[in-house]
Enquirer: 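Please read through the structure below; I'll follow up with questions.
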Amino acid sequence: MLQVMQRDHKLRSYTLNSVCAHFLGEQKEEVHHSIITDLQNGNDESRRRLAIYCLKDAILPQKLMDKLMCLINYLEMARVTGVPFNYLLARGQQIKVISQLYRKAFEQGLVIPALKSEGSDDQFEGATVIEPERGFYNVPIATLDFSSLYPSIMIAHNLCYTTLLDNKGIEKLGDIDYITTPYNNAKFVKVHHRKGLLPTILEDLLSARKKAKADLKKETDPFKKAVLDGRQLALKISANSVYGFTGATVGKLPCIEISASVTAYGRQMIEKTKQEVENHYTIANGYQHDAHVIYGDTDSVMVKFGVDNLVDTMALGREAADYVTKKFVKPIKLEFEKVYFPYLLINKKRYAGLYWTNPDKWDKLDTKGIETVRRDNCLLVQNVIETCLRKMLIDRDVSGAEEYAKKTISDLLQNKIDMSQLVITKALSKSDYSAKQPHHELAERMRKRDAGSAPTLGDRVAYVIVKSAKGAAAYEKSEDPIYVLENNIPIDTNYYLENQLSKPLLRIFEPILGDKAHSLLAGDHTRVVQIATPTIGGLMKFAVKTATCLGCKTPLSKNDTAVCRHCKPKLGELYQRQLDIVNKLEVHFARLWTQCQRCQGSLHQDILCSSRDCPIWYMRKKAQKDVQDATNLLERFNYAW
DNA sequence: ATCGGGGCCTAG
DNA sequence: TAAGCTAGGCCCCGAT
């Protein structure tokens, strides 16, 4: 399940506890490894605790698998691609494409050559990203997308290993119909001579995706919908990796003529689309305004038709998509997908907009590339940018957004921000770094402290930036959050303002406020500064997951955790030791529980919510459920409390 | 202070 | 050994 999670979901942390909190809303029974032997050698009570821990650790992955329908999805993938089930986790995308190629080749009596893979550093040219006209747009912007651009190019032009012609082939075959692609005049025979294997595979994948999407439309259960959405996405990725496979020089069967022709066609198509739209939707042709393409990436164009209302923009978008589709070979299709209104275009691959598919109600706030969707920022940055964008784009309350940003800066400088909001995570992806890096240097330091618990290659390293000598580099100031808490090391709040918060804030405010945006970073709210010592809030002491004593079932008083004071001596010293360890681990939970899981209200000293509408009630419910779960587990194994 | 490159992560 | 692709923003380090 760890592999599944890492493959299928982009998360900040992949620990069992964190993943379960995210998808299931429940957590592990934590037992530190150092006391397992003692628990086993202890008494009935301690062994019971150990048993619950083991059962819970076993049932959680099972619950994840069920809830995310992993087995069904993976089985389906295995069937579509024809690879053994375990390949889906043990191996990559290539084997899936190869497997499908073998199938189709066998049907046609073809043999696939066993090439020696060479690998090369040269890249071929990729897609076009249209130079954005950056700014804030308070008019509807229509988005037109080619659906499955690369697969549809390969199908439309019959691009395949089995259709590629070289000069010898053309001489030998004489009178033959072929096309010449925009890459290096590569030539491919037309479909009536021979239909390529790749186009056939792609058609299969796309029709399977069509079916998944149709099922998705019919489904009403939100969770099953999410799963079907995941399936159609998987099929889309599989279809797109066919193109990737042909361009993989380290792969089994690279063919740059195919991959480079695909991207070359793509570049021509996005350019042609821009031209067609801009040339047709003009005042000269009887439209109200001259349309203008303000941005586009690979397979999409963002069009400003100049109209100020959603209904007309959507009508024009649909019409334009059909108009352009007619200029291309089947099955290439340009689709009108959505309108952004308003739209904040910050840079290439960086934008935010309110997303509309029907003119009555917006669907969502869509953000691409900016801090809200990146995992290498701290939560503070993510949350403040997200909140400001919502205020600006949904509420259209720019001054409210300014106020919020100023308040956050003020809170940060006064050390009122929870440390869990300041944790930055980055993947440790290489063992040798040419320049020193904060996360790598920290991993080294942690390794020297305790090699067992330090992050290793591939792990995500969590760190905060702490106060240090003036002018010290970031890699000298990165520190393990747990170490910071244990040693009461002050946080460098100024670093968070200067290096984390200020630029992202300026980037979203400047297009609207202009130079005035800089006032966000200088003013009274930046004056009050307090010495920063780390605080922990919003914690979930995992031991406090029960409302009644785990031993005698009497209600727990506020100061008790897990067991009442009468039962506590039964667990004795072991229990204390575990609590100590738990307290040190609290920061892990702090990352998860900074908001009430029910009403999203801020949490402070405890998991309990501060909102009046959502008091202890939720925790009681959850605690009761946890006890019920544990009891059920025990009953299944003929235990009883 | 500026700039190029390494590193990370994302868009598509 | 086995490994889908390219484009590109942005942060940080380190050389100039």
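In what follows, chains are A, B, ... by sequence order, proteins preceding strands, each numbered from 1. The figures that follow rest on heavy atoms only: side chains count, while hydrogens, waters and symmetry mates do not.
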Enquirer: Hey, does Lys96(A) reach any base, or is it just sugar-phosphate, or nothing, if we go heavy atoms under 4.0 Å?
Expert: nothing
Enquirer: Any base atoms under 4.0 Å from Arg507(A), or only sugar-phosphate, or nothing? Heavy atoms, all strands.
Expert: sugar-phosphate
Enquirer: Is a side-chain N or O of Tyr463(A) found less than 3.5 angstrom from the main chain of Leu442(A), in a donor-acceptor match?
Expert: no
Enquirer: Quick one: which residue pairs count as a side-chain hydrogen bond (donor to acceptor under 3.5 Å, both in side chains) with a foot in residues 340-353 of chain A, not counting sequence neighbours?
Expert: Arg134(A)-Asn347(A), Asp297(A)-Lys349(A), Tyr340(A)-Asp366(A)
Enquirer: So Val97(A), base contact, sugar-phosphate only, or nothing? Heavy-atom distance under 4.0 Å.
Expert: nothing
Enquirer: Go nucleotide by nucleotide along DNA chain C from the 5' end; which of Gly244(A) and Ala473(A) gets its closest nucleotide reached first?
Expert: Gly244(A)
Enquirer: Quick check on the helix from dA1(B)-dT16(C) to dG12(B)-dC5(C): what's the angle between its two end axes, five base pairs per end, to the nearest 10°?
Expert: 10°
Enquirer: Could you tell me which residues satisfy side chain to side chain contact (heavy atoms under 4.5 Å, CB included) with Lys211(A), sequence neighbours excluded, listed by chain and number?
Expert: Asp215(A)
Enquirer: Can you name the one residue among Leu159(A), Ile258(A), Ile153(A), Thr263(A) that meets side chain to side chain contact (heavy atoms under 4.5 Å, CB included) with Tyr243(A)?
Expert: Thr263(A)
Enquirer: Return a table of donor-acceptor pairs under 3.5 angstrom between the side chains of residues 515-522 of chain A and protein atoms on other chains or two or more places apart.
Expert:
unit_1	atom_1	unit_2	atom_2	d
His518(A)	NE2	Glu510(A)	OE2	3.2
Ser519(A)	OG	Lys516(A)	O	2.7

Enquirer: List, one per line, each side-chain donor-acceptor pair under 3.5 Å for residues 368-381 of chain A, sequence neighbours excluded.
Expert:
unit_1	atom_1	unit_2	atom_2	d
Glu371(A)	OE2	Arg507(A)	NH2	2.7
Thr372(A)	OG1	Thr367(A)	OG1	3.0
Arg374(A)	NE	Asp376(A)	OD1	3.2
Arg374(A)	NH2	Asp376(A)	OD2	3.2
Arg375(A)	NH1	Leu11(A)	O	3.1
Arg375(A)	NH1	Tyr14(A)	OH	3.4

Enquirer: Does Lys338(A) come within less than 4.0 Å of Asp363(A), counting only side-chain N to carboxylate O?
Expert: no
Enquirer: Heavy atoms under 4.0 Å, any strand shown: does Tyr150(A) hit a base, just sugar-phosphate, or nothing?
Expert: nothing
Enquirer: Would you mind telling me which residue lines up with the more 5' stretch of DNA chain B, Arg460(A) or Ser434(A), judged by nearest nucleotide?
Expert: Ser434(A)
Enquirer: For the side chain of Arg460(A) and the backbone of Thr425(A), is there at least one donor-acceptor N/O pair under 3.5 Å apart?
Expert: yes
Enquirer: For a 4.0 angstrom threshold against heavy atoms of chain A, report the outermost contacting nucleotides of DNA chain C in 5' to 3' order.
Expert: dA3(C) to dG14(C)
Enquirer: Please output the side-chain donor-acceptor pairs of residues 77-93 of chain A that fall under 3.5 Å, not counting sequence neighbours, one pair per line with the distance.
Expert:
unit_1	atom_1	unit_2	atom_2	d
Thr81(A)	OG1	Met77(A)	O	2.7
Gln93(A)	OE1	Ser241(A)	OG	3.3

Enquirer: Only counting residues at least two apart or in another chain, list the ones meeting side chain to side chain contact (heavy atoms under 4.5 Å, CB included) with Lys272(A).
Expert: Glu276(A), Lys327(A), Phe328(A)
Enquirer: What is the nucleic acid contact for His439(A), judged by heavy atoms within less than 4.0 Å: base, sugar-phosphate only, or nothing?
Expert: sugar-phosphate
Enquirer: Using a 4.0 Å heavy-atom cut-off, does Asn499(A) contact any base of the nucleic acid, only the sugar-phosphate backbone, or nothing at all?
Expert: sugar-phosphate
Enquirer: Please give me every residue in residues 342-351 of chain A whose heavy atoms get under 4.0 Å of an atom in DNA chain B, ordered by residue number.
Expert: Lys349(A), Tyr351(A)
Enquirer: Check whether any side-chain N or O of Lys304(A) sits under 3.5 Å from a backbone N or O of Met302(A) as a donor-acceptor pair, and report yes or no.
Expert: no
Enquirer: Inspect the contact between Lys187(A) and Glu257(A) and indicate whether a charged nitrogen and a carboxylate oxygen are less than 4.0 angstrom apart.
Expert: no
Enquirer: Under the side chain to side chain contact (heavy atoms under 4.5 Å, CB included) test, which residues partner Leu101(A), sequence neighbours left out?
Expert: Ile112(A), Tyr161(A), Leu197(A), Leu198(A), Ile201(A), Phe245(A), Leu253(A)
Enquirer: Going 5' to 3' along DNA chain B, which are the first and last nucleotides with any atom under 4.0 Å from a heavy atom of chain A?
Expert: dG6(B) to dG12(B)
Enquirer: May I ask you to say what Val129(A) touches in the nucleic acid, namely base, sugar-phosphate or nothing, with a heavy-atom cut-off under 4.0 Å?
Expert: sugar-phosphate
Enquirer: Tell me every residue that passes side chain to side chain contact (heavy atoms under 4.5 Å, CB included) with Thr456(A), counting only those two or more places apart in sequence or in another chain.
Expert: Asp459(A)
